[in-house]
Amino acid sequence: MPELTWQRTPLLTIGFFIAKEVRHLIRNITNLLPVLAVIFVSNSAWLPYAVGGGYLAFIIISAILNHHFFLYALADDAVHLRTGVFGKKSLTLKYERIQQAEIDQSWYFRPFGLVILRVDSAGSAGKEVEIPGLSIDAAQQLRQRMLSHAHSNHHEPEAGEIELKSEASPETEVVFSLKEIIRAGIMDNKIFVLLAVLIYPLSQTDVLEETVVPWLEANIAFLEESLWLNVALIVAALIVLFVLAIGVTLVRYYNLHFSILNKRYQAKAGLFTIRTVSFRYQKLQRVQLRQNLRGRLLKRFSLRVSQLQPSAHAQQQTGNASFILPVLTQSLVSNLCQWLQLPRHTNLNWQRIHFIALLSPSFWIALVAPSALAAAYFNDVPLTWSLLGAVSLWLMLQSYAIARWRNYGFTFDNGWLAIKRGVFGRKENWYPLYKVQQIDVYQSPWLRLLGYADILVHTAAGAEVIKYQPAQLAKQLQQDWTGQIGRNHQRWL
Amino acid sequence: MAIAWKPVEPSYKTYLQLIVLIDMLILAAIGIGIYVFVPTTSWLPNPLWFGIPWAALTLFFGLFWSARRFQFTAYARTAEAMYLRRGALWRLTRAVPLNRIQHVEVRQGFIERTLGLAHLTLYTAGSGGADLSIPGLKLNDAEQMKASLVNTIADEPTEDDDHA
């Protein structure tokens, strides 16, 4: 084995380590709750500053130390890492085992032409490795080397070069215009996130009560005279927030490029931090097509492709790890379906579930109405009004349940299992059936009495339930599908 | 084509009964503890109010439930998949295709060891916990099944997806 040349990342990357510490702090904020409680209870003037300052010093020192002890070495077939200040960690990541390698151009590195290389390996532990502060060229070369290894699977040195050459010209490329991204912002509006972010600090300090409210009272007293003016003001504020929230989407998806190259699907976007997310067709476990109410009005869809997620990470990182195209026109959707080989056409045989599935939700809804009636009546609401209210509540809930049942459908076409649902927004999940991990048939005593069963399909990207199938059919489907999967020897991971 | 279900060992029923007994004894110990150690028990109802349902539950689980569960629990191996059915009132039939198995485990708990039982657990990708766990096997049988499964998985032909 040739001697490894250990390298340290550039000094600038201390910023990266600081950012990592801060992220770590935010993720583990609950651990600090006792300290925060002490600060609030003690009521001392200097304690918050001492804790804050101490923490700042801790972050900076640990970032410097972490930077100092972060060593990496690139061999022909693997990346070696040595990290850790006190507990040393030594990690070897074979290129063959690498699932994903992405280049992040963080905003704080972009002016210096540096990037972060993010590497994911297979395996249940879901080891993620980040090497900060590589130059763009070096990172790109390294990434190509890793991916070509993973792609060609076994030692074929030429394969890497071929891919390197073809890097310049993807087979398919779609560029999303600013207009489309703004549409994406309208569809997937982060207004509530923004609201929470803005309101939380405001509620913690007295700025609102001490400064803003008196100022408002002094200067725009005429507001109090008109209710409508107040309403208008609130609406205007919400609109401003809505527009700002579009900005959040814009920052993330600005200049979105989608490209396909050698069965590798890639999306690259960002205003400040340019992020690349990609997946190989082989690794696809689920395609999710979504359209919320705004999306339906704008006639746009959003698409999310999931890969295998180690379950421990799945909850935390879904946002980062899955591949999202936030805004797609109808024609682009059909193109994408073609590229992804989804058999999504207009005359799909969508199957509904038996209407007996409505029985149990209807039962609970029917219970809600009398209890609402009773609650209203005993709170001195006139009988007619409480009756009307209860009936309309029941009607609303019941029709929602029926609409939900009517809009639910599943289909099995060309080796894909698709499930659609949604009353106001629409959601379609597509799973390649041969990648399914296990299939359950479940019967509660109630279902057994009726002669029905639920089918649970567990895939590597989550589970899906098909309710109320006739018991015999469910068992038959389970056997058929299991047999098909068992006889399919395509690679699924 | 019907699945050829194989029942599990009869001592699995004893195992279930022992588990029920232990759980119910723990409950009883908590109940007795409350009556003995709480200083004023006047606000508590007569111990019989808890004792009789406790006895009924113990009898229900020990006789009816464990018998039903034992009766329904079975496994089957076909050329493509491993099947397991379990449950007494809420019933689940699970199928795991052999070529999706990630790893296989044989485990023996303390009570299982005294009864000479073991369980075989198959894991697949994506879900967190154990995926298919066949209880109530003789240790030898479990080891044998594990060996044959591992062999099958290792011999699995894989074909590259690229041309598809």
Side-chain angles (χ1 to χ4, degrees), chain A residues 122-124 151-153 262-263 280-285 306 308-312 314-315 341 415 432 434-448 453-456 458-463 471 474-476 478-493, chain B residues 1-5 64-65 68-69 72 74-105 121-134 149 152-164:
Chain A
S124 47
H151 195 66
S152 63
N153 212 357
N262 280 342
K263 297 229 154 209
R280 269 191 294 147
Y281 188 69
Q282 242 173 34
K283 310 254 189 255
L284 175 150
Q285 304 286 345
S306 311
L308 172 67
Q309 280 294 305
S311 55
Q315 287 92 24
Q341 297 162 31
Y434 76 89
K435 293 180 180 177
V436 165
Q437 303 290 310
Q438 34 177 314
I439 299 172
D440 294 351
V441 170
Y442 173 78
Q443 276 188 305
S444 63
W446 167 240
L447 282 170
R448 256 195 303 149
D454 293 346
I455 306 178
L456 278 87
H458 297 263
T459 74
K475 280 174 191 160
Q476 196 54 50
Q478 182 188 37
Q479 277 183 45
D480 291 351
W481 287 350
T482 316
Q484 278 176 34
I485 298 160
R487 284 188 294 272
N488 191 313
H489 299 303
Q490 277 175 308
R491 265 215 271 156
W492 65 274
L493 211 152
Chain B
M1 177 198 75
I3 301 171
W5 292 107
F64 177 72
W65 177 82
R68 268 320 259 293
R69 181 154 182 148
F72 189 66
Y75 63 94
R77 191 184 148 174
T78 65
E80 296 101 14
M82 182 68 98
Y83 289 84
L84 170 75
R85 53 173 208 199
R86 65 176 157 77
L89 296 170
W90 278 263
R91 291 179 176 177
L92 184 80
T93 309
R94 176 163 286 183
V96 172
L98 297 183
N99 52 3
R100 297 289 171 268
I101 295 172
Q102 296 281 313
H103 65 278
V104 189
E105 231 174 50
T121 310
L122 317 181
Y123 292 84
T124 62
S127 64
D131 293 315
L132 187 145
S133 184
I134 305 173
L149 275 175
T152 319
I153 299 166
D155 293 341
E156 199 71 35
T158 46
E159 128 194 355
D160 237 303
D161 193 22
D162 281 4
H163 59 82

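Just so it is clear: chains get the letters A, B, ... in the order the sequence lines come, proteins before strands, and each one is counted from 1.
Proximity of a side-chain donor or acceptor of R448(A) to a complementary backbone N or O of L89(B) within less than 3.5 Å is detected. Of the possible donor and acceptor atoms, one in the side chain of N99(B) sits under 3.5 Å from a partner among the backbone N and O of N488(A). Proximity of a side-chain donor or acceptor of Q438(A) to a complementary backbone N or O of L132(B) within less than 3.5 Å is not detected.
Environment of CZ in R91(B): crowded, with over 12 heavy atoms of neighbouring residues, nucleotides or ligands closer than 6.0 Å. The number of heavy atoms from other shown groups lying within 6.0 Å of CH2 (W5(B)) is above 12.
The minimum heavy-atom distance between T482(A) and E80(B), with the atom names listed, is O-CB, 4.2 Å.
With a 4.5 Å cut-off on non-hydrogen atoms, A88(B) touches chain A through its backbone but not through its side chain.
Distance check: T93(B) OG1 to L456(A) CG gives 11.5 Å after rounding to the nearest 0.5 Å. Distance check: D454(A) CG to L92(B) CG gives 10.5 Å after rounding to the nearest 0.5 Å.
Annotation: side chain of D131(B) is not in contact with side chain of Q437(A) (no heavy-atom distance under 4.5 Å). Counting only heavy atoms from C-beta outward, the side chains of T124(B) and H458(A) never approach each other to under 4.5 Å.
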